[in-house]
Amino acid sequence: MKRCWTCRSGRRIELTPQEFALLELLLRRQGEVLPKSLIAAEVWDMHFDSGTNIVEVAIRRLRAKIDDGFAPPLIHTVRGLGYVLEVPAAP
Amino acid sequence: MRPLSLGTRLSLLFAACSAAVSLLAGILFNQASEAHFVELDHQQLEGELAVLRGLLAGVETEADLPERLPAVREELALHPELALRIVGSDGLIWFDSLPGRHDPAAYRSLEAPLEPRDAGGTRLTLHLNIAHHRHFLQDMQRLIWLGVGLSALATALLGAWVARRSLRPLQRMGEVAAGISASSLTTRLEETRQPAELAELAQAFNAMLARLEDAFARLSAFSGDIAHELRTPLSNLLTQTQVILSRPRALEDYREALHSNLEELQRLAQMVADMLLLAKADHGLLLPNREPLQLGAEIDALLDYFAALAEDAGVRLERRGEARLAADRGMLRRALSNLLDNALRFTPAGGEIRLELTSAAGRLRLEVGNSGPAIPAEQLPRLFDRFYRADPARREGSGEHAGLGLALTRSIVRAHGGEIRCESSSGWTRFILEFPA
C-alpha cells in the first residue's frame, strides 16, 4: 500500500491517500477559494452535489493534522463559498 | 358514417328474426293445407267416379246414353260443384255438363275409363270446382303476411324497449363519469348493483378512479410540499434581510447576514435543480450516457468517498461481489450516493452498511443493506415519494436534502431500465436494485 506523508516545521505527518490528494489540491491552488463541489470532483471524482458534509469532515480531519499544534493556521473556511489554503501575510 | 344505435340494431334484429320465423311457419302451414285439400278433392272425385260408373255401367254407344242421363243429371244436381264430360270410344263428346271453355285453374279434374279394364273405351272426365278452397288459401296467405308484419312490428318495439332498459345502467355510468371532476374523485359506481355484463366495466372504472385519486393526491401533496419546502427558507431570508436592514450595522454584521443568506439560497438552488431533474425524468428526458462499468470499482470509489463520514458515525462499510453493467457513471454514483447517505443517517453507531452484487437469470441485483431499526411496513411504498421523510422530526428543512434523494435514485434506476424497492425487517433494512443485465 502506498504511504503518504508530508512535513510541517520539520515534523513528519502521516496522511491517508485522500488527505494527501486534498492537501495537494489546496496547495496547487493556493490562495484560491475552492468550492466544496469542486473539491468533491477533484479529490473523489464525484461530479454532483451529494448533499452530505463529506468535504467538511475531510477538511476537519486534514486540519487536525496540518494546523493543530502549528501556527499560523493554513486552511481557512470561507463561509458559503468553500475553503482556501493560504499563508497569512506577516503583520 | 355513424354506426346505427344499439337500440336500432337490436330492434331490427328482433324484427327480422320474428318475421323470418313467422314467414317460415306460414309457408309450411300453407303447403300443408294445400296438400290436405288436394287429398280431400281426390277422395271426393274418386267417390263420385264410382257412383257415376255405377250409373253408366253397360253404356257402349251414344244411343245407350239418353236412358241413363236423368239419373246422371240427378246425381250431378246433388253436387253443384261437380261437372262431367263423357267422351265416347269414337272420340266424340257424348255429354258435357260444363260446355265451353273454363278456367282450368278453378277446377280439379279426374279422367278415367268407364270400365276400369277397358282403357280404349268410353272415358269419363270429372271436374271439381275448387274455387272455395282457393279463396280459403288466399285468405290464409293474407293472414300470414299480416301476421309476419305485426310480429315484426311487435318484436321491433319489444327490442327497442329491452335495449333501452338494459342500457340504462350504462347511461347511469355515463352520467357518473360526466360528473367527475378533480374534487369528486372519491365517487364510485356501485359494483353490486350492476348487471353481470357491466360489473367488470364498473370494476375497471372504479379501479381507474382509484388510480386517478391516488395520483392526484400525490400530485396535490407534491405541490403542497413544494410550497412548504420553499416557504421556510424564503421566510428565513426575508426575516434576516429585514432585521439587518432595520437599522445601521457594522460591516461584519452585513457580511454575516449575506453569508447566511447565501447558504439558504444554495439550498434552495439545489432543491430546484433536483426538482428539475425529477421533472426531466418524469418526461422521459433523463437519458443515461451508458458505458461499461465495473460496479465493484464504482462502489469502492463511493465507499472511499463516504469512508470518513462513516468512520465518524462509527459505521462499518463493506462491499461483496462483483458485476458489470452498462450505465451512466455520474448518474449511478449519484443514485448510490443517495442510498449510502440515507443508510448512514439511519444506521446507529457500531452498525454496518453492506453493498452486495449478485447476478442471476439475466438480472443484476445490487443490495444496499444497513443495520438499524426496521422501517414500518406502511411507510415502505411511500419512501420513494418526493419530499417524503420517514422520520417526521426531520421535516422543516433540517437536513441538507429536502427529501428528494430517494425519488431521484428511483428515477435514475428507472432511466436505466431497472427497478428499486425496499425491504425492512428485524434490524436490517435493504434497498434492492435490479437491472436487466
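All chains are named by letter (A, B, ...) in the order of the sequence lines, taking the proteins before the strands, and each is independently numbered beginning at 1. All figures in this text were calculated on a predicted structure; none of them were measured in a lab.
- In this structure, A:Gln18 contributes its side chain and B:Tyr305 its backbone to no donor-acceptor pair below 3.5 Å.
- Both the backbone and the side chain of B:Leu302 come within contact range of chain A, each with at least one heavy atom under 4.5 Å from a heavy atom of that chain.
- The environment of CZ in B:Arg324 is sparse: at most 12 heavy-atom neighbours from other residues, nucleotides or ligands sit within 6.0 Å.
- One finds the CZ atom of A:Phe48 at 12.0 Å from the CG atom of B:Leu277 (value rounded to the nearest 0.5 Å).
- The OG atom of B:Ser337 lies 6.0 Å from the CD1 atom of A:Ile54; values are rounded to the nearest 0.5 Å.
- B:Glu311 places a side-chain heavy atom less than 4.5 Å from the side chain of A:Arg61.
- In the displayed structure, B:Asn289 atom CG is contacted under 6.0 Å by at most 12 heavy atoms of other residues, nucleotides or ligands.
- Rounded to the nearest 0.5 Å, atoms CG (B:Leu344) and OG1 (A:Thr52) are 9.0 Å apart.
- No other option in B:Asp312, B:Leu258, B:Leu262 has as many heavy-atom pairs under 4.5 Å with chain A as B:Asp312.
- In terms of modelled atom types and a separation under 3.5 Å, the side chain of B:Arg333 and the main chain of A:Asp45 share a donor-acceptor contact.
- For CZ of A:Arg12, the number of neighbouring non-hydrogen atoms (other residues, nucleotides, ligands) closer than 6.0 Å is greater than 12.
- Side-chain contact between B:Glu263 and A:Arg79 is present, with at least one heavy-atom pair separated by less than 4.5 Å.
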